[in-house]
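Here is the structure we will look at.
These numbers come from the heavy atoms of this one structure, side chains and all, not from hydrogens, waters or symmetry mates.
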Amino acid sequence: MIGRKGWFTRSAAFVVAVATVLLFGATIAASAAGNTYEQKRKSRVERNAQEARVAEKAVSTLFGILKQPKKISSAEKRVDQLYSEGLQYERAGQLQAALDRFQAALKIDFSDPRVHMAIGRIVESQDPALALFHYQNAFRFSIAAAAEKVPALEVMRRFLIGRYLQYALPMDDPEVSIQLLQQAIALAPDDGRLHAHLASAYFLKKEFEKSIRESRNAIALGVNNGTVHVNLAAAFAQLGKKDEARKELETALNFDEPEISVVLDQVRQEGPSSRLTTFKKLLGEKELKRLVEESAKGMLEKGWKLKKDGKAEEGIAIVRKAAEKYPEHSYAEIFLGDLLRAAGDSEGAKAAYEEALKRNPANQLAYPRLGDLAYDEGEFLEAARDYARGIDLLQGRWDQVDILDRTAVALAREGRHEDAVALLDKWIDLNPNAPEAFELTVRRAGILADAKKTHEAEMVLRKLVEKNKESAAGYIVLHTFYKERGNEKKARQVLNDGIVVLESARDRDPLNAAYYRDLARLYRMAGRERDAVKALLDGGMLTVEKRYFSDALFAAGQETVAYRVVQAWVEAEPRNPEALLSYGWVSARLGRNLDDALAKISALEEIYPELDKAPILRTRGYLRFAKGEYEKAIADFREVLKGKDVAQAGFFHRLWGLAAEQLGRKAEAKEHFKKALELDPEGNADLRSRVG
């Protein structure tokens, strides 16, 4: 029988399309965009580059369609040559050389949108405003040439809106955020999200009337949630309008929505000009506390915390009380159903989910929850019906695809394979190039195989391979298909075919990281571990994606090889906090270059004074431990372990214990060995003898 989940882990959610009305905003000043805080910037670089490449591909395709001259001029040939050379240098990590080529191409033809996209992608990490300037030009020249008739423009529009939104958040400089959001709204005036964010920016700039206006615009455009109402409440409070503020705050705290923590966090946000301070001044601390604790969201939060603390019955009681007190709140019933289901009361959970639908027929979670209950009880046809009813209610596209997948599986479990396949075919035919199409096609093949239509399933998977020969995913699925059916010969042949194709692709484009990643996967499946390690090493040394390859090598137990990639990463990006922290961590683990690593980690505090201190303390403490500076290491561990939900807390208690042991402090060592065992009994099993 088929399992409920797909054969592969899902990728990031698909970006939902926005905006149909096109206007173009003015270019902002160079100082107007971006958050210069290095840590936040670096954490987005990889994702940004990927999004930029998708948009660039669309624009390049568009530009190629539009150009198609009968005769290519020498100037156009030179631009194409410089553009190609720039891409090669960029993939090699030689960004200045790439930028030089792109800028030279721009001098020849300033209206080439491909080149503007490429320059924007390169300069974005250092100068977001300049990047936006080039992205805007790419869009402008595409519009001028295409007259809005080519679908690639929509890709570019979404990309540009996303960039405006990205640099508008967080709102460290409200004036900058307002400028960026206004330009985004010029591209998508009907996008309620943008108006909601603009309301927040106006609030921070203390333009409260404008904040109220934009919040109401957001609601009118369909973005009606607790966050919008808490913003309205805060703006009214700042204007001294107590009745309006209280009304909006109560609406926010009792708004019928699945997310409860966002509004509560906003109300409790501390600071001299925070919403908490504003509400306290207007309502008084005691009254505000009462409003929060007695609200639907406050009661649901308390119930959930009680459940997490092992007090399930008390949690159920308070959530049930919230559901009774707020009969219009359908998601209170979802919370109640979830707690009852976790406690083993399936009938009670089902009744709660059904009550949620009575209260709000558009509740997004009720039908999927009912479907899960029916599925778990083996009522697959009923589960399929519930899932199918819920698909159109879900707002997120990935959520819809997930429930579509569950519906197909439920139908197949009921023996209705043809209906399951038809359901998947309908979606795949409408969205053949969507990111989710691959997984749903694999699911389709699994259902065909389950129906004993083995040849048809094989053909479906072979077509997946043919659709994208230079990706490992299709080969891996087909290999798994043959292995499950005992056909070792065909399974080996599929892997060998994939390896040959990808080796050829790698040789043709040796700076493309994807080929090294995929080859490593295929080599490993073929039992060629040495080749897999070499592919990961080559990918890490030749391409810009050094973090991925160093992590993959460490995961494979190749610590020494991984260290070479980390060193190359630091050499390529000497000011990248992630690179430096990785270098410090692995230096401590391997006992190499400890002084150099410690100096680099210590310098991070000076280079980035706003950087989160916890990763620095963790790495510095580990390095000091490796150097034998036990007292200093313990001082760092003490600071690290003051926080809540500390990553790898068991590991740091272990190191603390070992350091104390070296200093002859046996009681202190024993105390931390016990804590290490409590937090990670398997990873610290060898410490049992030390604690008796």
Side-chain angles (χ1 to χ4, degrees), residues 1-11 405 408-409 412 417 420-421 424-425 427-429 431-510 512-539 543 545 548-549 552-553 555-556 558:
M1 280 296 192
I2 310 167
R4 286 184 58 195
K5 296 204 174 184
W7 292 7
F8 293 97
T9 303
R10 289 192 166 87
S11 59
D405 180 56
V409 171
H417 298 91
V421 170
L424 295 175
D425 281 346
W427 192 93
I428 294 168
D429 289 345
N431 306 276
N433 298 314
E436 306 93 337
F438 181 90
E439 182 179 355
L440 291 184
T441 302
V442 173
R443 172 68 75 205
R444 182 178 183 274
I447 291 172
L448 288 169
D450 193 56
K452 311 301 181 187
K453 297 182 178 181
T454 307
H455 180 69
E456 286 185 45
E458 180 184 1
M459 291 302 101
V460 168
L461 297 179
R462 284 199 167 276
K463 285 180 181 178
L464 270 185
V465 172
E466 291 297 318
K467 187 174 182 179
N468 190 357
K469 285 188 174 182
E470 294 183 359
S471 169
Y475 297 105
I476 291 171
V477 172
L478 190 55
H479 168 265
T480 303
F481 177 83
Y482 287 133
K483 285 279 286 185
E484 287 178 347
R485 282 149 188 80
N487 196 332
E488 294 290 339
K489 182 178 179 181
K490 280 192 173 182
R492 284 195 304 273
Q493 185 60 51
V494 167
L495 286 184
N496 291 337
D497 289 346
I499 288 169
V500 169
V501 170
L502 283 163
E503 283 178 340
S504 176
R506 176 205 59 196
D507 294 341
R508 186 177 65 253
D509 187 1
N512 191 324
Y515 297 141
Y516 295 96
R517 291 199 305 265
D518 283 0
L519 274 170
R521 295 171 69 192
L522 295 183
Y523 284 141
R524 187 158 285 137
M525 293 189 77
R528 296 166 57 177
E529 187 61 31
R530 184 177 295 180
D531 289 331
V533 171
K534 186 175 185 305
L536 293 173
L537 174 61
D538 290 345
T543 74
E545 294 185 26
Y548 168 85
F549 290 106
L553 285 162
Q558 299 291 330

Looking at R521 and R517, would you say the former's side chain and the latter's main chain have a donor-acceptor pair under 3.5 Å? no
Between the side chains of R462 and E466, is the shortest nitrogen-to-carboxylate-oxygen separation below 4.0 Å, so that they form an ion pair? no
Distance-only polar pair, side chains of Y515 and E503, donor-acceptor under 3.5 Å: no
Flag side-chain contact, heavy atom, 4.5 Å: K453 against M459: no
Scanning both residues in full, the closest heavy-atom pair of L522 with G498 reads CD1-C, 3.7 Å
Nearest atoms (heavy-atom pairs only) where A437 meets P432: CB-O, 3.7 Å
If I take atom OH from residue Y523 and atom OH from residue Y516, how far apart are they, to the nearest 0.5 angstrom? 10.0 Å
Measuring from D497:CG to H479:NE2, what's the distance to the nearest 0.5 Å? 12.0 Å
Could you walk me through whether R444 and V460 pass side chain to side chain contact (heavy atoms under 4.5 Å, CB included), step by step? CA-CA 8 Å; R444 182 178 183 274; V460 168; 3.0 Å; yes
Just do the side chain to side chain contact (heavy atoms under 4.5 Å, CB included) check on Y475 and K469 with the steps written out, would you? CA-CA 8 Å; Y475 297 105; K469 285 188 174 182; 3.8 Å; yes
Any R524 side-chain heavy atom under 4.5 Å of L536 side chain: yes
Check the pair Q493, Y482 against side-chain hydrogen bond (donor to acceptor under 3.5 Å, both in side chains), reporting the backbone distance first and the verdict last. CA-CA 10 Å; Q493 185 60 51; Y482 287 133; over 6 Å; no
Got a donor-acceptor contact below 3.5 angstrom from the T543 side chain to the G539 backbone? yes
pair H417-L448: side-chain heavy atoms closer than 4.5 Å: no
Give, for atom CG of N512 and atom CD of E545, the distance between the pair rounded to the nearest 0.5 Å. 8.0 Å
Where do L537 and Q558 land on the side chain to side chain contact (heavy atoms under 4.5 Å, CB included) test, with the steps shown first? CA-CA 10 Å; L537 174 61; Q558 299 291 330; over 6 Å; no
So, taking the atom named CG in L519 and the one named CG in L502, what distance separates them when rounded to the nearest 0.5 Å? 5.0 Å
Which heavy atom in S471 sits nearest to a heavy atom in D518, and how many Å separate them? CA-OD2, 3.5 Å
Please evaluate residues F438 and N468 with respect to the criterion side chain to side chain contact (heavy atoms under 4.5 Å, CB included), reporting the C-alpha separation (whole Å), side-chain torsions for both, the decisive distance (0.1 Å), and the verdict. CA-CA 10 Å; F438 181 90; N468 190 357; over 6 Å; no
CG of L495 to NZ of K490: how many Å apart, nearest 0.5 Å? 14.5 Å
Indicate yes or no: does E529 engage K534 in a salt bridge with an N to O separation below 4.0 Å. no
Output the distance between atom NZ (K463) and atom CG (L478), rounded to the nearest 0.5 Å. 13.5 Å
So does A505 get a backbone contact from the side chain of D509, meaning a donor-acceptor N/O pair under 3.5 Å? no
Quick check on R508: does its CZ atom have over 12 non-hydrogen neighbours (other residues, nucleotides or ligands) under 6.0 Å away? yes
Of all the heavy-atom pairs spanning K483 and A491, show the shortest one and how long it is. CG-CB, 3.7 Å
Taking all non-hydrogen atoms of both residues into account, name the closest pair between A520 and A532 and its distance. O-CB, 3.6 Å
State, with a plain yes or no, whether a side-chain heavy atom of L464 is found less than 4.5 Å away from one of L461. yes
Which pair of heavy atoms, one from F481 and one from A457, lies closest together, and at what distance? CE1-CB, 3.9 Å
With a 4.5 Å limit on heavy-atom distance, are the side chains of M525 and I476 in contact? yes
Side chains of E484 and T480, heavy atoms from C-beta outward: is any pair under 4.5 Å? yes
